[in-house]
Amino acid sequence: MLKNEKAVVVFSGGQDSTTCLFWAKERFAEVETVTFDYGQRHKLEIECAAQIAKEQGVKQTVLDMSLLNQLAPNALTRSDIEIAEGDGLPTTFVEGRNLLFLSFAAVLAKGIGAKHLITGVCETDFSGYPDCRDSFIKSLNVTLNLAMDYPFVIHTPLMWLDKSETWELADQMNALEYVRDHTLTCYNGIKGDGCGECPACKLRKAGLDNYMQRRNRVSEGGRMI
Ligand code: ZN
């Protein structure tokens, strides 16, 4: 349907944005990625994203966003801040991150003649990040169009999916194994299934277990017929 159009995926090399990359590749003639370097604890995250972009044959632009750390010290970038999720916003929260990332991605996209922006934000595993909400994305879409007088379309294929459904989407695109083995979600910087202990690993594993159980039930049901 959109085979003659160009898209830019906001790409971190994690499960969600890699699933979005596969989603975009199925829909658009040309896909590029943009990765933000904001002093993540693990340089491996940037390397991992670069490796996936290379393997999938898409161009990657890495933009320096180290100013984010200067403005908003947080547990993703500072090893002296513990990753904690309790009441209120988790310490991994970076104020305004998606607002900034999508705005920079839009400038880059317009520059290369792409009107489609794809981001892996979702409301379902909502940890209280206001700039992951659907209403924010819709509002930003209008703002970007007005700011640059350009018909951007922000796509959020994961907005209403929970983690198990995100695995399901990857599986539908025959990308489950790839996403499982090549992406980095773990806060401790371990690729694939990760450390198994941090909040990101627990969420990822719970989603995968849930989806695999569902898939097995379906295939067992299928054999019975
Ligand atoms: Zn982990």
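Atoms within each ligand, like the ligands themselves, are counted from 1 in listed order.
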Trainee: Just wondering, more than 12 heavy atoms not from Tyr150 lying within 6.0 Å of its OH?
Mentor: yes
Trainee: Please check if the distance between the ring centroids of Phe101 and Tyr38 is under 6.0 Å.
Mentor: yes
Trainee: One thing to verify: whether Asp16 and Lys163 come together as a salt bridge, which I'm taking to mean a side-chain N less than 4.0 angstrom from a carboxylate O.
Mentor: yes
Trainee: Around atom CG of Asp149, are there more than 12 heavy atoms from other residues, nucleotides or ligands closer than 6.0 Å?
Mentor: no
Trainee: Please indicate how many protein N/O/S atoms are found closer than 2.8 Å to the Zn ion (ligand 1), with waters neither displayed nor included.
Mentor: 4
Trainee: Heavy atoms only: give me the nearest Ser17-Phe11 pair and the separation to one decimal.
Mentor: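 Closest heavy-atom pair between Ser17 and Phe11: OG-CD1, 3.6 Å.
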Trainee: Going by atom type alone, with no hydrogens or angles, which donor-acceptor pairs under 3.5 Å involve a side-chain atom of residues 206-214 and a protein atom two or more places apart or on another chain?
Mentor:
| residue | atom | partner | partner atom | Å |
| --- | --- | --- | --- | --- |
| Asp209 | OD2 | Lys205 | NZ | 2.7 |
| Asn210 | OD1 | Arg214 | NH1 | 3.3 |
| Tyr211 | OH | Asp171 | OD2 | 2.5 |
| Arg214 | NH1 | Ser164 | OG | 2.9 |
| Arg214 | NH2 | Glu168 | OE1 | 2.5 |

